[in-house]
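Below is one structure, written out as structure tokens; comments come after it.
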Amino acid sequence: MFTLATWNINSVRLREGLVARLLKEEAPDVLCLQECKSPVDKIPTEMFSQLGYHHMVARGQKGYNGVAILSRLPITDAGERDYAKLGHARHVAARMENGVVIHNMYIPAGGDVPDREVNEKFGQKLDFVSEMRDVFHADKPARSIMVGDFNIAPREDDVWSHKKLLKIVSHTPIEVEHLLAAQDAGDWVDVTRKDIPEGQLYSWWSYRARDWDAADKGRRLDHIWATGDIANAAHGSRILRDARGWEKPSDHAPVFASFDL
DNA sequence: ATGGTTGCGCTGCAA
């Protein structure tokens, strides 16, 4: 069995202490981070190693984006893809000894206006997700797990108000349509919703709320998917909402899943 | 209808 977590950390250097706390208290076998906002050589790997996470694959750039996969178990191969040719560090993949492939994705947020004619970033987001669809269609993934900050909340109960967010980037019908097409192309199962099928579920709360916890205007932007051949081995999904209330928090909470493999 | 916060890195941009 192994446990995996995904967390948009919003600067891995500023929040090195929070990552350490999560690794100590929750001890997942694998932790996938997004928005590291750091060149790879400045990621605090020494701390990871001291806590038993001796293996890492990462892609980085100064100030923006950045993804990393930390592991207690050996990583036998690594890969990456520059989706939508943005030149951003938004994807990294790792193959584990048991053959399971882990994809860590940071899909573009997409700006404020949900119209690619006036907002180039929105078009880039749709193109990014379309390329995910095409890649999975051409090369069907097997024994694979894909996690990350997808920046899309697909279900009505993935947002605090479906009606109020229909025109807000992250929950527009066209984004949801694109994400579901990518999911379908790879026969991906939404593991979090397989385990927690009912009810409101969020992984992100804006910094701008006066009291994020009381207002609870969240969205489920962070996801764990698995291919059908291993999705039935998944159980025990949860979102560590508490971490959103830690000192100087990320605006995202970590999402967990365990697999009997 | 609007403004609200944070991180990076140095002026505003991205989220």
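Lettering of chains follows the sequences in order, A, B, ..., and the numbering in each one begins at 1. On a predicted model such as this, the values are computed, not experimentally measured, just so you know.
We find that NZ of A:K121 is positioned 4 Å from P of B:dA14, with the value rounded to whole Å. Atom NZ in A:K42 sits roughly 18 Å away from atom P in B:dG7 (whole-Å rounding). Computed from coordinates, the A:L14 CG to B:dT5 C1' distance equals 14 Å when rounded to whole Å. Separating the CG atom of A:D149 from the P atom of B:dT6 is a distance of 19 Å, rounded to the nearest angstrom. Regarding A:F150, its CZ atom lies at a distance of 17 Å from the P atom of B:dA15, rounded to whole Å. The separation between A:K248 atom NZ and B:dT6 atom P is 7 Å, rounded to whole Å. In this structure, A:Y207 places its OH atom 16 Å from C1' of B:dC13, rounding to the nearest Å. Spacing between atom CZ of A:R208 and atom P of B:dA14 amounts to 13 Å, rounded to whole angstrom units.
Using modelled atom types, one side-chain atom of A:K194 and one backbone atom of A:A234 make a donor-acceptor pair closer than 3.5 Å. No donor-acceptor pair under 3.5 Å is formed between the side chain of A:N65 and the backbone N or O of A:H88.
Side-chain N/O atoms of A:K62 include none lying less than 4.0 angstrom from OP1 or OP2 on B:dC8. Considering only side-chain N and O atoms, A:K37 lies nowhere under 4.0 angstrom from the phosphate OP1 or OP2 of B:dT6. At least one side-chain nitrogen or oxygen of A:R90 sits closer than 4.0 Å to the OP1 or OP2 atom of B:dA15. For the pair A:S11 and B:dT6, the criterion of a side-chain N or O lying under 4.0 Å from OP1 or OP2 is not met.
Both A:R13 and A:D112 lie close to DNA chain B; mapped to their nearest nucleotides by heavy-atom distance, the more 5′-ward contact belongs to A:R13. The nearest heavy atom of DNA chain B to A:R210 and to A:C36 marks one nucleotide each, and the one closer to the 5' end goes with A:R210.
When the C1' atom is compared between B:dG4 and B:dA15, the two are found 14 Å apart, to the nearest whole Å. A gap of 23 Å separates the P atoms of B:dT6 and B:dT2, to the nearest Å. Comparing the P positions of B:dG7 and B:dG3 gives an interatomic distance of 22 Å, to the nearest angstrom.
A side-chain N or O of A:H235 and one of A:D260 form a donor-acceptor pair less than 3.5 Å apart.
The side chain of A:R15 has B:dT6 as its nearest neighbour among B:dT6, B:dC13, B:dT5.
Side-chain atoms of A:Y83 and A:M132, non-hydrogen and from C-beta on, do get closer than 4.5 Å to each other.
With A:F122 as the aromatic partner, A:R116 does not meet the cation-pi criteria of under 6.0 angstrom to the ring centre and within 45 degrees of the ring axis.
Residue contacts for A:K217: at a heavy-atom cut-off of 4.0 Å it reaches no nucleic acid atom on any strand shown.
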